[in-house]
Amino acid sequence: MISVNVSQNFKRSVRKAILSIVLFVFTYILLVALAVGLTVACGYGGIMLIALRPSFATLMLGIGCISIGLLILFFMIKFVFSKNKTDRSHFIEITQHEEPRLFAFIEAIVNETGTEFPNKIYLSSEVNASVFYDSSFWSMFLPVKKNLHLGLGLMNSVTVDEFKGIVAHEFGHFSQRSMKVGSYVYNVNYIIHNMLYDNDSYDAIINKWANASGYFSIAAIIGVRIIDAIQWILKKVYEIVNLNYLALCREMEFHADEVAANVAGSKALATSLVRLDLASFAYNSTLEFYGNKIKDNKKPDNIFPQMSYVLAFWGNELKLATINNLPAATLDSKTRFNKSKLGFEDQWSSHPSDKDRVNKLENLNIPAKNQNTEIAVSLFENPVKKQETITAMLFSKIEYSNHTTPHNLTEFKSEFSETISKSTFAKKYNNYFDDLTINALDFDTLVSLYTSEEEEKEIFSQEAVDLIYQSIGLRNDIETLNKIASGDFEVKSFDYDGNRYKSSDASTLLSKIEEELKKANIQVEENNKKIFAYYYNIAKNNNKEHLYTDKYKKYLNYINSFETKSEVLKVMYNTLSFTQQNCSFEKINSKMKKVYLEEVQFKTIIKELLENSEESKILAEEHKEVFTKYTSTDLNYFSNDRYDEVSLNLLFSSINYYNVVMNDIQFMYKKDFLDFQASLTEGTLSLTNNIQKEPLN
């Protein structure tokens, strides 16, 4: 059995967590004592009221008075009767008889970590693994049987060694006595959360009691007011308990990582940690693809080969090495497009950052004992059959309009690649234009600029791309620092570029970063001139400059109109916000008059879209149908003191769809321009020596 020394940070977090438990217990006992006293007082007062002057009215008032104390007392102890049960509807249980090798694999990890074998083992399609149990108040005192959940999406994305580390990490949370305090803090958190937020059934009881009689409604109102005061106190305690619980959780993650490293080696757990985000993205992308296939009544017999293809595809797009048939993600690849230099200790996070976890694992530097680099699904007796079973369960909840037909891997590869091609720019750009808004260009100036016949990969170098995201990162950092300086974002301290600062330093730091942003923007602008001079001269040399500039102008015109259209949408959202509130009939009628006025402009821009042959062709049939119906019908959203739900749904659907369509159209114009630009250097198109050569400004 592995024994891991408890760190000083862990001990410190445990002490704080225990003190927060003591605070809760003291507060809770005090509140219960007051509730009991109030119950006795209300009971005595109710009985005396009935005895003093027996009548129907005093009987009802007396019962109401007694109920005040009982309602409050029940509120204080209702968590004892509640149970937090994990939803197993998307799980499939497996047995040792079915999967002897997998069970033997898990048993070996159990023995090494010194924990108990899971009560049951479940499979799902997810990119996840977890140990779970149905918890209640009594879980603090009684032994609880724990279950293991394994996701095939995870097992499809890691090696056996990495999978061993992940499972050992989960068992590591329960393997040592020092970790048990976490369970107590969790249950205290659960109890307070129950009293603060899990009140649907309790509210239903109060409403039912209040509606039984006008006498009882008075008692219910008084009871609710007292409960509100109790909840205010508990919220203050919850903030302290929750902060200490989350701090302890982060230390428990480090502790469980060390247990896992002793079982599987440091490297195996570290490599899986940094790949899981990419694996989740691949899984969700595959699900999204098949979500769009529902209308065609197509689904896969086995979704996991498709997921593996997407995982490899994006690994290749990110230029990741392939090791053991899996993309070797790194911390750098995870943050390739995030150039922010700001860092915070997230006190509300239950997990440390991947960077901190990987760094600690690398410092441990524990070697693997026996390496197994096969994909983890190989642990099943029949991996393909198990994948097909889980796939069938995953798609069984979807309602198709007709009989379904299988969609195989070959079809998927072709259609997925086509989908990606439609939603991305040419590879040669190296992601340069992905998040870059192309500003106004003076082509008359560009034509006179000298540009060498340099290779495209040079003007779209990684340094040039990094400069784009450095600029975006600086803008985001400036926005955050402005919030810190104004007090809108409260932090005691923060890190910037590896240095620690107090919140009071934010204003001073801002001027430095703003200067950095100016320099970065100048560099980006200079590079943009070089890029567009390069392509424009190619277009001009091949008599395609008019087509080139026309495509650019269409994009620029839409960009210029985008802000106006966005403002129309914003006004519509704000004008309709009252429909989500309780308002008097008079107020609703008054607000609706403004809706009818504001939607005139909104209907106009949708009509313009439908009449625009170029823009309307990207509309899905559903969008086109909704827009046509909305613009061709005079809708009345409120009449006879009632909302017309059908008309309102049509209005909101039009607003929400247009919000999506606006971005799609902007991308369409941008892609059309950039695709044409990319084609200029394909085939025989090239610069010739007769281009005027002048220095590039």
>> Please enumerate all residues that pass salt bridge (Lys or Arg N to Asp or Glu O under 4.0 Å) together with Glu317, with sequence neighbours excluded.
In response: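 Residues passing salt bridge (Lys or Arg N to Asp or Glu O under 4.0 Å) with Glu317: Lys427.
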
Classify the side-chain pair [X]/[Y] by whether it contains a donor and acceptor separated by less than 3.5 Å.
| X | Y | answer |
| --- | --- | --- |
| Glu615 | Tyr669 | yes |
| Tyr596 | Asn636 | yes |
| His407 | Gln306 | no |
| Asp488 | Ser486 | yes |
| Glu599 | Tyr637 | yes |
| Asn156 | Ser308 | yes |
| Tyr432 | Asn527 | yes |
| Thr508 | Asp505 | no |
| Tyr290 | Asp296 | no |

Counting C-beta onward and ignoring hydrogens, is there a side-chain heavy-atom pair between [X] and [Y] closer than 4.5 Å?
| X | Y | result |
| --- | --- | --- |
| Leu481 | Ile484 | yes |
| Leu635 | Asp644 | no |
| Phe433 | Ile531 | yes |
| Lys422 | Thr419 | no |
| Ile513 | Tyr496 | yes |
| Ile665 | Val661 | yes |
| Tyr309 | Ser417 | yes |
| Leu276 | Val158 | yes |

> Any idea which heavy atoms bring Ser421 and Lys671 closest together, and the distance?
Replying inline: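 Smallest interatomic distance, heavy atoms only, reads O-NZ, 2.9 Å.
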
Short question: side chain of [X], backbone of [Y] - any donor-acceptor pair under 3.5 Å?
| X | Y | result |
| --- | --- | --- |
| Asn542 | Lys544 | no |
| Asn297 | Ser401 | yes |
| Asn612 | Glu608 | no |
| Arg357 | Pro352 | no |
| Ser679 | Phe676 | yes |
| Tyr552 | Leu441 | yes |
| Tyr501 | Leu509 | no |
| Asn659 | Ile655 | no |
| Ser566 | Phe562 | yes |
| Asn482 | Ile478 | yes |

> By ring pair (Phe, Tyr, Trp, His ring centres under 6.0 Å), which residues pair with Phe602, not counting sequence neighbours?
Replying inline: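 Ring pair (Phe, Tyr, Trp, His ring centres under 6.0 Å) check on Phe602 returns Tyr630.
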
> Does Phe652 have any ring pair (Phe, Tyr, Trp, His ring centres under 6.0 Å) partners at least two apart in sequence or in another chain, and if so, which?
Replying inline: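 Partners of Phe652 by the ring pair (Phe, Tyr, Trp, His ring centres under 6.0 Å) criterion come out as none, since no residue qualifies.
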
Does atom [atom1] of [X] have more than 12 heavy-atom neighbours from other groups under 6.0 Å away?
| X | atom1 | result |
| --- | --- | --- |
| Glu288 | CD | no |
| Lys624 | NZ | yes |
| Asn582 | CG | no |
| Glu598 | CD | yes |

> Under 4.0 Å between a Lys/Arg side-chain N and an Asp/Glu carboxylate O for Lys341 and Glu516?
Replying inline: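 The answer is yes: the pair qualifies as a salt bridge.
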
> Taking 4.0 angstrom as the limit, do Lys519 and Glu515 come out as a salt bridge?
Replying inline: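 No salt bridge links Lys519 with Glu515.
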
> Step by step, would you call Lys629 with Leu650 a side chain to side chain contact (heavy atoms under 4.5 Å, CB included)?
Replying inline: CA-CA 8 Å; Lys629 188 174 181 181; Leu650 183 59; 3.9 Å; yes

> What residue among Phe673, Tyr535, Tyr555, Phe532 forms ring-ring contact (aromatic ring centres under 6.0 Å, His included) with Tyr548?
Replying inline: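 Filter result, single survivor: Phe673.
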
> Can we call the ring centroids of Phe425 and Phe667 under 6.0 Å apart?
Replying inline: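 So the answer is yes for these two rings.
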
